[in-house]
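In listed order, ligands and their atoms are each counted from 1. Treat the numbers as computed from the prediction; the structure is a model and nothing was measured.
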Amino acid sequence: MDKLKIIGGKRLHGEVNISGAKNAALPLIAASILVNGKTYFTNVPDLMDITSIRLLLEDLGATCKASKGYLEVDGSSIKKIEAEYDLVRKMRASILVLGPLVARFGHAKVSMPGGCAIGARPVNMHLSGLEALGASISIEHGYIEAKADRLIGNEIYFDMPTVTGTENLMMAAALAKGSSVLRNAAKEPEIVALADALNKMGAKINGAGTAIITVEGVKNLSSADIKIIPDRIETGTFMVAVAATGGDVLIKGCEPDHIGGLINKLKAADTTIIPSTDSIRIIGNKPIKNVDIKTLPYPGFPTDMQAQFMTLMAIANGNSMIHESIFENRFVHANELLRMGADISISSGNIAMVRGVKKLQAAQVMASDLRASASLVIAGLVAEGTTVISRVYHMDRGYEAIEKKLSLLGADIERI
Ligand code: EPU
């Protein structure tokens with residue numbers, strides 16, 4: 001199994017290009033199920049999760065053509081409505097095929113995603129939303145089965161904002177009969193990207209990016225060209241890496257507006273940030289100032305940046321409090337950071353007290369999930385000595401060519 005070997009202590013310098021966003025690409029690719037024809041995607045990141053959703057669509061019968069940065073999905077050949085356990089267990093986001101399948105074919109059977117390293121992650125709001133649209137739902141032998149002759153538009157109220165839940169229901173409502181209103185919807189840029197793409201396919205969606213989304217159902221959707229938006233979490237991960245190493249990097253092809261919650265906190269930590277329309281220059285300054293964060297739905301501080309920010313605070317000048325309010329078990333990286341000399345204690349499960357130390361020490365550590373692996377890479381970049389990170393497959397799910405991009409910025413990192 002691949003590992004990453006990092007010799008710490010190098011400042012990052014130069015320019016880096018941001019890839020297409022994993023969490024935008026996944027629902028967009030799932031949306032191609034809604035089309036009885038071809039959907040063309042550009043700026044597609046080369047990631048394990050993208051391969052997983054493509055394989056799932058192919059298993060359903062879709063014809064896919066993939067080349068560097070490009071994916072074409074022909075939904076006209078879809079014959080099967082069942083997303084099997086062996087494909088779904090590799091990636092929870094496979095639940096995104098549920099809404100489109102039942103909306104287009106009136107029937108869907110999707111293996112129920114289990115818990116994962118960061119929490120229980122139930123899908124109850126996806127299911128109650130589909131029920132509100134008239135689907136009958138049953139769960140048997142580990143499979144969710146949804147049936148409806150045609151979905152009927154309705155009001156859906158989310159108990160809390162859910163990103164993939166909002167996406168699933170937006171896709172389902174797009175082909176429902178009549179209008180739907182999604183209240184307390186998630187507002188992430190990936191939701192806006194999905195609504196824009198669905199509208200390009202002929203859907204009638206308004207309000208994406210706000211808490212109330214209205215969807216006027218249409219009979220069918222048609223072919224469209226879709227460009228995947230830049231990955232705000234990859235952008236943020238590079239920003240934190242530069243801040244931690246004290247480097248100076250121009251991050252290109254990104255959307256600074258999508259990462260405002262992090263920019264605000266990095267500025268408070270005394271990092272210099274110069275945003276422009278599609279790039280951000282970031283200059284790390286020492287000492288790093290201690291800052292408290294609380295993860296919140298967009299536009300709050302993203303939970304997907306919490307682990308990386310914890311590494312930064314581990315070498316800050318003072319104490320900081322990190323409150324994880326989205327997932328119940330998203331501090332597994334803290335235990336690995338302790339092995340590298342960080343001083344972190346977890347109280348009441350979702351609050352971490354980080355007492356900044358002068359230096360981290362290299363160690364052998366293990367990645368537990370995607371963003372935890374990014375936090376360990378950043379720790380390796382600043383630690384004294386050689387860090388070896390195992391279970392790098394977590395990283396490969398969501399960061400395109402991470403070691404190549406970091407090497408070009410001057411990091412001493414290789415895959416072994
Ligand atoms: N929740 C429920 N019931 C539901 C759905 C969600 O209780 O039916 C809860 C979750 O357990 C969680 C909260 O609602 O406590 C929010 O979860 P959400 O549904 O928004 O998460 P998600 O859609 O499963 C997406 C991203 C995650 C990201 C979260 C939060 C994708 C494919 N995944 O997950 O990305 O952390 O939103 O922003 O878009 C990652 O990329 O590393 C990652 C985990």
Side-chain angles (χ1 to χ4, degrees), residues 19-31 45 47-50 52-53 56 88 90-99 110 112-132 137 139 144 156-171 182 184-194 211 228-229 231-237 258-259 261-262 295-308 324-330 332-333 349-350 367-375 394-400:
S19 300
K22 166 181 86 79
N23 289 349
L26 293 171
L28 288 169
I29 295 169
L47 300 170
M48 281 289 293
D49 275 10
I50 301 298
S52 297
I53 192 112
L56 172 51
V88 175
K90 295 196 175 120
M91 187 183 62
R92 301 182 45 83
S94 305
I95 189 72
L96 284 165
V97 304
L98 181 65
V110 177
M112 177 101 163
C116 85
I118 63 177
R121 305 183 72 183
V123 291
N124 56 307
M125 290 189 275
H126 301 233
L127 304 188
S128 55
L130 285 174
E131 275 177 334
I137 306 275
I139 300 174
I144 302 162
I156 294 167
Y157 187 90
F158 295 106
D159 291 341
M160 64 173 108
T162 158
V163 177
T164 49
T166 302
E167 291 163 348
N168 236 336
L169 272 306
M170 222 162 57
M171 291 188 281
L182 278 53
N184 200 20
K187 303 179 196 136
E188 271 69 3
E190 293 75 21
I191 305 280
V192 178
L194 177 62
I228 312 291
I229 60 169
D231 196 315
R232 64 194 166 97
I233 305 300
E234 187 197 19
T235 306
T237 301
H258 291 176
I259 196 78
L262 174 68
T295 63
L296 286 169
Y298 189 85
F301 189 96
T303 172
D304 289 344
M305 284 304 308
Q306 177 262 109
Q308 303 89 315
E324 171 57 59
S325 84
I326 307 289
F327 292 112
E328 65 268 29
N329 187 30
R330 212 171 194 183
V332 180
H333 48 280
N350 64 352
S368 53
D369 69 79
L370 172 56
R371 309 303 171 187
S373 54
S375 80
H394 288 295
M395 190 95 191
D396 296 335
R397 287 189 43 208
Y399 288 94
E400 185 176 52

Specify the protein heavy atom at minimum distance from atom 15 (O) of ligand 1: its residue, its atom name, and the distance to 0.1 Å. I326 O, 2.5 Å

Residue, atom name and distance, where the atom is the protein heavy atom closest to atom 42 (O) of ligand 1: R371 NE, 2.9 Å

Among E190, H258, E188, exactly one meets side chain to side chain donor-acceptor pair (under 3.5 Å) together with R232. Which residue is that? E190

Please state which protein non-hydrogen atom is closest to atom 21 (O) of ligand 1 and give its distance, to 0.1 Å? F327 CZ, 3.9 Å

heavy-atom search around atom 33 (N) of ligand 1 in the protein gives N23 ND2, 3.7 Å

Any chance you could measure L28, atom CG, to M171, atom CE, to the nearest 0.5 Å? 8.5 Å

Nearest neighbour of atom 36 (O) of ligand 1 from the list L26, V163, L370, D304, on a heavy-atom basis: D304

Is the side chain of E234 donor-acceptor paired with the backbone N or O of G236 at a distance under 3.5 Å, no angle test? no

Mind checking whether H394 has a heavy atom under 4.0 Å from ligand 1? no

If you measure only the distance, is there a donor-acceptor pair under 3.5 Å linking the side chains of Q308 and T237? yes

Judged by atom type as modelled, is there a donor-acceptor pair below 3.5 Å linking the side chain of N168 to the main-chain atoms of I95? yes

How far is atom 23 (O) of ligand 1 from its nearest protein heavy atom, and which residue and atom is that? T164 OG1, 2.6 Å

Is P122 close enough to touch ligand 1? Criterion: a residue heavy atom under 4.0 Å from a ligand atom. yes

Atom 9 (C) of ligand 1: of R330, R397, K22, M160, the nearest heavy atom sits on M160

Are any non-hydrogen side-chain atoms of R330 and Q306 less than 4.5 angstrom apart? yes

Verify side-chain hydrogen bond (donor to acceptor under 3.5 Å, both in side chains) between D369 and H394, making sure each step is shown before the conclusion. CA-CA 5 Å; D369 69 79; H394 288 295; over 6 Å; no

Return yes if some donor-acceptor pair links the side-chain N/O of D231 with the main-chain N/O of K22 below 3.5 Å, else return no. yes

Numbered atoms and elements of ligand 1 in range of A93, under 4.0 angstrom, heavy atoms: 32 (C)

Starting from atom 24 (O) of ligand 1, find the nearest protein heavy-atom neighbour and note its residue, name and distance. R121 NH2, 3.0 Å

For T303, atoms of ligand 1 separated by under 4.0 Å from a heavy atom: 30 (C), 36 (O), 38 (O)

Residue, atom name and distance, where the atom is the protein heavy atom closest to atom 19 (O) of ligand 1: T162 OG1, 2.6 Å

Does T295 use its side chain to pair, donor to acceptor, with the backbone of P302 at less than 3.5 Å? no

V123 heavy atoms, cut-off 4.0 Å: which ligand 1 atoms fall inside? 4 (C), 8 (O)

Could you tell me which atoms of ligand 1, counted from 1 in the order shown, lie closer than 4.0 angstrom to a heavy atom of H126? 8 (O)

Closest approach of L169 to I156 (non-hydrogen atoms, all atoms of both residues): CD1-CD1, 3.6 Å

Working to the nearest 0.5 angstrom, can you tell me the gap between D304 CG and N23 CG? 6.0 Å

Name the closest protein heavy atom to atom 8 (O) of ligand 1, giving the residue it belongs to and the distance to 0.1 Å. M125 N, 2.7 Å

Which is closest to atom 3 (N) of ligand 1 in terms of heavy atoms, I53, N124, I95? N124

